[in-house]
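Beneath this line is the structure, given in structure tokens, with notes to follow.
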Protein chains: 2
Amino acid sequence: MQNRLQIKIETNSNIFTIEKGQLKVLLEKRKNEPFKGYWALPTKLLEENISLEDNNKKCIIEKIGNFDFNFFQTHTFSDVDRIIDQRVISTSFIGTIDNITINLKQDQIDEDEYKWFYINQLPKIAYDHEKIINFNIGKIKEKIINSDFLKRFYPSDFTLPELQLVYEDILKIEIDRRNFRKKLINMDMIEDTGYKNDGGNGRPAKLYRFKENNTQKNLF
Amino acid sequence: MQNRLQIKIETNSNIFTIEKGQLKVLLEKRKNEPFKGYWALPTKLLEENISLEDNNKKCIIEKIGNFDFNFFQTHTFSDVDRIIDQRVISTSFIGTIDNITINLKQDQIDEDEYKWFYINQLPKIAYDHEKIINFNIGKIKEKIINSDFLKRFYPSDFTLPELQLVYEDILKIEIDRRNFRKKLINMDMIEDTGYKNDGGNGRPAKLYRFKENNTQKNLF
DNA sequence: GCAAAAGTGTTTTCAATACACCCATGG
DNA sequence: CCATGGGTGTATTGAAAACACTTTTGC
């Protein structure tokens, strides 16, 4: 019979940022059983009178406040046994934000409860959320080939060596420094801000920004 | 309060084939109100103990029998007012099949109830299904750039002029006949079957097939 | 002045584009 | 033999790839 055991619907948020050329994801520490002490994606049961998209936004506002994340839906996970003794279907969202905004507002976030993890150094993850995270990292990989997407992570300045690291890390490829630079400049995608990166070893790198005109060109 | 008005979940099937270089979608005629006489995507309320993927497959088997469609999930539609007086969330699937198989098994399908429509000549569509169909046509467009995807529509033979029509129609571009041929052959994507198309006006076209090795290269 | 990291220029290779003529079939 | 549509070759252009040396900074 339909819905004898109540089927529940929830949304889950995969919020990513990039620091030092590497992807990080925001996770929430579970304070109760099951999976107490494990980390999980922020999730919220669907409210009656709102869309999945709005439910997801509300989830984040309630949990960590009013950030300007840029969300999009990726997949709805519905395996019967994804959560034991319950039937919960979970629609996944990817959110993106630049690291500078994060650093500015980091104090809004309770460090014990929410924490950023490099995707290569994930902690113990609750439920099937590791599978969900990996699925969404795959989606980011697809998107990152389209240069436009990186703007979400670098609305202001970046150096070319750092941007190159992003491509190399996420796409698992090696790129020649000179050709990478040439490609981005020839594609009319980026512009020199006139400023330079200070600190650190060696020659300071120039700071670039993405141009406005961006017409959805593919790199690689 | 959560779920005071029962939230229902359904799956909808967007089954596409290609005939004469143009996309067609399979629709079901509604026999009852609301939207009696309109056409709709095959849909099915989610059963308790199966995944959305299995629910979608079951929907098709029950409605039109055991075809070998190749399904994948695209998006979950959840606008509060997408269906009046009810709250129904709908997860969308794209299914693909080649036209030859369709023609062979066409007698399995009740012509009054189910019919193929060219996407440029859609009939009156029930609910928000036209929006859903258009969303999924967009997904196909994205996928078709990856050559591998076309294999689903052409598991056996095809002519290059026809394949070119597909690209031109779906991507809304014009391609030079000679360069198109060169590109596909240089990419090692297709091979000559040695046979020719008969009938029709003019010189018969060679029949090609997709090679097995296909390593996910992008055309255009 | 040395180590560290960033920046630059040239040559070669290969794919993309543009373009005009010939070929196989049906009637 | 003519109309219709399919098949082929070449020259040009431009981007991708491969590669080594110079420049700026901190210490």
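Order of the sequence lines fixes the chain letters, A, B, ..., with proteins taken first and strands second; residue numbering starts at 1 for each chain. Values reported hereafter were calculated over all heavy atoms of this structure, with side chains retained and with hydrogens, waters and symmetry mates removed. Since this is a predicted model, take the numbers as computed values, not measurements.
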Practice task
Take the protein atom CD of A:Gln164 and the nucleotide atom P of C:dT8, then report the distance between them rounded to whole Å.
Solution key: 14 Å
Problem - Gap between atoms CG and P, on B:Asn186 and C:dT13 respectively (whole Å) - result: 18 Å
Exercise for the section: Select from B:Asp176 and B:Thr159 the residue whose nearest nucleotide in DNA chain D is closer to the 5' end of that strand. Expected result: B:Thr159
Practice task
Record whether the side chain of A:Arg177 comes under 3.5 Å of the base of C:dG7 through a donor-acceptor pair of N or O atoms.
Solution key: yes
Problem - Residues B:Lys63, B:Glu28: salt bridge by 4.0 Å N-O rule - result: yes
Handout entry: Donor-acceptor pair present, A:Asn179 side chain and D:dA18 base, under 3.5 Å
Key = yes
Fill in the blank from the handout: ring-ring contact (aromatic ring centres under 6.0 Å, His included) test vs B:Phe210 passes for just one of B:Phe153, B:Tyr154, B:Phe149, B:Phe158, namely B:Phe158
Completion exercise
In whole angstroms, the gap separating C1' of D:dG6 from CG of B:Asn197 amounts to 11 Å
Handout entry: Residue-phosphate contact under 4.0 Å: A:Arg181 side-chain N/O, C:dT8 OP1/OP2
Key = yes
Exercise for the section: Take atom CG of B:Leu207 and atom P of C:dT25, then tell me their distance rounded to the nearest Å. Expected result: 13 Å
Exercise for the section: Rounded to the nearest angstrom, tell me the gap between atom CZ in B:Arg203 and atom P in C:dA24. Expected result: 5 Å
Handout entry: Ion pair B:Arg209/B:Glu191, N-O distance below 4.0 Å
Key = yes
Fill in the blank from the handout: Here the distance between atom P of D:dA16 and atom OH of A:Tyr167, to the nearest Å, is 13 Å
Problem - N-O pairing of A:Glu113 and A:Lys31 below 4.0 Å - result: yes
Exercise for the section: By nearest nucleotide on DNA chain C, pick out whichever of A:Ile185 and A:Asn201 is the more 5' one. Expected result: A:Asn201
Fill in the blank from the handout: Taken to the nearest whole Å, CD/B:Glu174 to P/C:dA18 is 11 Å
Problem - Residue whose nearest DNA chain D nucleotide is more 5′ - A:Pro204 or B:Arg178 - result: B:Arg178
Practice task
Please evaluate the base of D:dT10 for a donor-acceptor partner in the side chain of B:Lys182 within a cut-off of under 3.5 Å?
Solution key: yes
Problem - Proximal nucleotide (of D:dG7, C:dT8, D:dT23) relative to the A:Lys206 side chain - result: C:dT8
Exercise for the section: Can you figure out which of C:dG7, C:dT25, D:dG5 approaches the side chain of B:Lys196 most closely? Expected result: C:dT25
Exercise for the section: Kindly indicate whether a cation-pi arrangement holds for A:Lys131 with A:Phe77, taking the cut-offs as under 6.0 Å to the six-membered ring centre and within 45° of the axis. Expected result: no
Problem - Euclidean distance, atom CG of residue B:Asp192 to atom C1' of D:dT8 [Å, nearest integer] - result: 14 Å
